[in-house]
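Single-structure report; data block below.
In the text below, chain A, chain B and the rest are named by the order of the sequence lines, each starting its count at 1. Bear in mind that the values here come from a model prediction, so they are computed numbers and not experimental data. All values below were derived from every heavy atom in this structure, side-chain atoms included, with hydrogens, water molecules and symmetry-related copies excluded.
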Amino acid sequence: MLDPQLLRTALDTTAEKLAHRGYALPMEEWQKLEAERKTIQVETEALQNQRTTISKSIGQAKSQGQDIQPLLDEVAQMGEQLEDSKSRLKEILQAMEGITLYTPNLAHESVPVGQDENDNVVIRSWGTPKAFDFPVKDHVALGEVQRGLDAESAANLSGSRFTLLTGEVAQMHRALAQLMLDLHTTQHGYQEYYVPYMVNAATMQGSGQLPKFADDAFITEDERYLIPTAEVPLTNLVADTILEQAELPVLMTAHTPCFRREAGSYGKDTKGMIRQHQFDKVEMVQIVHPDESYAALEAMTGHAEAVLQALELPYQVMVLCTGDMGFSAAKTYDIEVWLPAQNTYREISSCSNCTDFQARRMQARFRAPDVKKPQLVHTLNGSGLAVGRALIAVMENYQNADGSINVPTALQPYMGGKTVINLAS
RNA sequence: GGAGAGAUGGCAGAGCGGUUGAAUGCACCGGUCUUGAAAACCGGCAUACGUUAAUAGCGUAUCCAGGGUUCGAAUCCCUGUCUCUCCGCCA
């Protein structure tokens with residue numbers, strides 16, 4: 001949620017900034033509502049004040065044994081007017097909330113203005129794609145050779161966009177998640193969490209998934225949502241709390257499955273396990289002082305990169321343009337890993353500074369020693385990394401001509417010292 | 001799943017439907033005293049929104065949440081959520 005003051009005092013420039021993100025702020029409607037809100041709210045509060053005053057004097061008169069009938073008559077007239085005024089105010093406030101809850105965050109000034117993913121900008125790259133002297137297989141083919149990746153069985157069990165992993169491929173998937181968690185907890189200062197995979201609507205709204213993106217989430221019969229990312233439960237841990245400044249920053253990480261409807265992505269990445277309804281991810285979340293959030297974004301992006309460097313996988317870092325950023329983000333870096341079979345870089349991590357946008361929705365604040373008023377914290381989240389895609393990247397980048405797969409050095413301790421997966425022989 | 005109890009300020013804990021934003025204690029902050037500290041004493045100590053130049057005043061809201069009764073609700077009624085105790089079941 002944006003600062004409502006911004007919409008009152010700087011409506012034009014705010015609307016312009018939002019337009020860069022492809023969001024058209026309904027300015028006229030907003031201004032009309034705001035003008036009416038002002039009048040009605042002042043009126044309602046004045047009426048409320050009058051009634052309270054009279055009610056109190058009724059109490060006094062009664063205790064002194066005086067006749068209260070004249071006072072009752074006086075207040076009787078006000079009742080209806082107050083009710084009307086109240087309900088009108090409620091309508092207006094709801095209508096205004098209907099606008100603010102659907103309005104995305106403002107982009108940071110350093111974010112390039114652009115339409116879509118074609119306008120994202122490469123910031124840096126790391127590593128050199130390996131030159132193969134044989135035709136490379138994609139992860140689907142490699143999975144077949146290793147008898148470890150089975151889309152058909154998963155489809156029989158569940159439908160499309162699910163994957164079944166077996167044997168050493170499943171083990172490597174698990175090993176990757178372990179490596180990531182260990183790296184973040186021992187090297188980067190994050191505390192590990194185990195979190196609920198189902199959350200309520202208020203939690204989904206706090207981090208920005210609801211109400212606008214309800215179609216993207218799976219919902220249970222009792223109206224709980226399967227988490228689309230651990231960002232949702234982790235970030236909401238500070239909802240409705242006031243932290244001491246000394247407690248900041250809070251660094252949290254969790255390995256969870258993520259569930260996404262992928263509505264609107266029909267026909268995209270239908271082959272293989274690039275885009276699934278269920279995938280594992282190690283997530284990083286930071287709760288920081290507002291002055292620190294952009295430095296924290298750089299650091300967090302580095303934490304995600306560290307995983308790829310440990311796995312010795314070539315990648316590039318992109319800054320997303322205004323038109324391609326997520327709803328809650330003010331600035332986002334995507335990290336793309338090299339996939340030789342696709343001969344391109346594919347997203348494996350996304351790190352965002354959400355500034356005070358989620359904090360305002362959740363009422364997550366901190367108290368500075370010298371400032372009386374609690375202030376909103378800034379929140380960040382980043383994948384570190386998507387485990388399924390990391391598995392794909394390792395399989396494809398570490399493949400041999402016979403379809404066997406070398407185990408990256410960093411991963412070997414997590415796989416009982418195995419140096420190669422080779423079920424083909 | 002069955003039976004019962006409960007939810008009040010940072011914490012503990014009062015609160016016959018009437019001037020209660022809410023007693024009291026602890027914690028915390030400031031002061032007096034002290035060489036310093038402790039103790040004692042004095043004072044202060046919520047959040048949001050509105051109005052406003054104002055982080056000044058004033059107003060409104062908030063005693064789990066949402067409805068209702070009433071001139072008036074922390075207090076009464078209904079629904080929901082959560083917590084605790086006992087029984088059952090269970091990884």
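The CD-C1' distance, from A:Q363 to B:A48, rounds to 8 Å in whole Å. Rounding to whole angstrom units, CG of residue A:L47 and C1' of B:C71 are separated by 14 Å. Between the P atom of B:A48 and the CG atom of A:D3 lies a distance of 13 Å, rounded to the nearest Å. The nearest whole Å value for the distance from the CD atom in A:Q375 to the C1' atom in B:A48 is 16 Å. At whole-Å resolution of the value, CD in A:E36 and P in B:G50 are 17 Å apart. For the pair A:R361 CZ and B:A48 C1', the interatomic distance rounds to 18 Å; values are reported in whole Å. Residue A:K38 contributes atom NZ, which lies 9 Å from atom C1' of B:U51 at whole-angstrom precision.
Remark: the A:Q41 side chain and the A:E45 side chain contain an N/O donor-acceptor pair separated by less than 3.5 Å. Defined by atom type and a distance below 3.5 Å, a donor-acceptor pair is present between the side-chain atoms of A:K331 and A:S110. Looking at A:T103 and A:Y23, their side chains do bring a donor and an acceptor atom within 3.5 Å of each other. If you check the side chains of A:Q358 and A:E231, you find a donor sitting under 3.5 Å from an acceptor. Between the side chains of A:S153 and A:N156, no donor N or O sits under 3.5 Å from an acceptor N or O.
Put simply, the side chain of A:T13 gets close to the backbone of A:A10: a donor and an acceptor are under 3.5 Å apart. Remark: side-chain polar atoms of A:E29 are not paired, donor with acceptor, to backbone N or O of A:L25 under 3.5 angstrom. Checking side-chain atoms of A:T9 against main-chain N and O of A:Q5 turns up a donor-acceptor pair under 3.5 Å. In this structure, A:R360 contributes its side chain and A:L376 its backbone to no donor-acceptor pair below 3.5 Å. Here the side chain of A:R275 pairs no donor or acceptor atom with the backbone of A:R161 at under 3.5 angstrom. Remark: side-chain polar atoms of A:Q399 are paired, donor with acceptor, to backbone N or O of A:K137 under 3.5 angstrom.
Rounded to whole Å, the P atom of B:U62 lies 23 Å from the corresponding atom of B:G80. With C1' as the reference atom, B:G66 and B:C11 are 28 Å apart, rounded to whole Å. Rounded to whole Å, the P atom of B:C64 lies 15 Å from the corresponding atom of B:C16. Across B:G13 and B:G25, the matching P atoms stand 16 Å from one another, rounded to whole Å. Taking the P atom of each, B:U81 and B:G10 are spaced 26 Å apart, rounded to whole Å. Nucleotides B:U24 and B:G9 place their C1' atoms 13 Å apart, quoted to the nearest Å. Nucleotides B:A22 and B:U47 have their C1' atoms positioned 15 Å apart, rounded to a whole Å. Comparing the same atom, P, in B:U85 and in B:G31 gives a spacing of 46 Å after rounding to whole Å.
Residues satisfying the ring-ring contact (aromatic ring centres under 6.0 Å, His included) criterion with A:H184, sequence neighbours excluded, are A:H188, A:Y190. Looking at residues two or more places apart in sequence or on another chain, you find a ring-ring contact (aromatic ring centres under 6.0 Å, His included) between A:Y294 and A:H108. Shown here are the ring-ring contact (aromatic ring centres under 6.0 Å, His included) partners of A:F218, two or more places apart in sequence or in another chain: A:H277. Applying the side-chain contact (heavy atoms from CB on, under 4.5 Å) criterion to A:A46, with sequence neighbours excluded, gives no partner residue. For A:E152, the side-chain contact (heavy atoms from CB on, under 4.5 Å) partners are A:D150, not counting sequence neighbours.
Contacts between residues 237-249 of chain A and RNA chain B, counted as heavy-atom distances below 4.0 Å, involve no residue at all.
Mapping A:R367 and A:V75 onto RNA chain B via the closest heavy atom, the residue that lands nearer the 5' end is A:R367. With RNA chain B read from its 5' end, the first of the two nearest nucleotides for A:R8 and A:R224 is the one closest to A:R8.
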Subject >> Intra- and inter-strand pairs of RNA chain B in dot-bracket (Watson-Crick or G-U wobble, both distances under 3.5 Å; | for another strand) >> reply: ((((((((.[[[..)..(.....]]].(((((.......))))).((((((.....)))))).[[[[[..)....]]]]])))))))....

List, with names and distances, any nitrogen or oxygen atoms from the protein found under 3.5 Å away from nitrogen or oxygen atoms belonging to nucleotides 65-69 of chain B.
| from | atom 1 | to | atom 2 | distance (Å) |
| --- | --- | --- | --- | --- |
| B:G67 | OP1 | A:K90 | NZ | 2.9 |

Listing time: all N or O pairs from protein to nucleotides 6-12 of chain B that are below 3.5 Å?
none

Report all interatomic pairs (protein N or O, nucleotide N or O of nucleotides 16-18 of chain B) with separations under 3.5 Å.
| from | atom 1 | to | atom 2 | distance (Å) |
| --- | --- | --- | --- | --- |
| B:G18 | O6 | A:K62 | NZ | 2.9 |
| B:G18 | N2 | A:S55 | O | 2.6 |

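No engagement by A:R360 is indicated, since no non-hydrogen atom pair under 4.0 Å with the nucleic acid exists.
Taking side-chain N and O atoms only, A:R37 has no distance below 4.0 Å to OP1 or OP2 of B:C49.
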**OP:** Start with the C-alpha gap between A:T409 and A:E312, add the side-chain angles, then the distance that decides, and say whether side-chain contact (heavy atoms from CB on, under 4.5 Å) holds.
**Re:** CA-CA 9 Å; A:T409 313; A:E312 299 175 72; 4.0 Å; yes

Original post:
In B/S/- notation, 5' to 3', how is nucleotides 54-64 of chain B contacted by protein heavy atoms closer than 4.0 Å?
Top reply: -----BSS---

Just list the side-chain donor-acceptor pairs under 3.5 Å for residues 318-328 of chain A, sequence neighbours left out, or say none.
| from | atom 1 | to | atom 2 | distance (Å) |
| --- | --- | --- | --- | --- |
| A:T322 | OG1 | A:H20 | O | 3.0 |
| A:T322 | OG1 | A:G114 | N | 2.9 |
| A:T322 | OG1 | A:G114 | O | 3.2 |
| A:D324 | OD2 | A:N120 | ND2 | 2.9 |
| A:S328 | OG | A:S207 | O | 3.2 |

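Atoms CD and OG1, from A:Q191 and A:T253 in turn, are 10.5 Å apart once rounded to the nearest 0.5 Å. To the nearest 0.5 Å, atom CG of residue A:N381 and atom CD of residue A:E283 are 5.0 Å apart.
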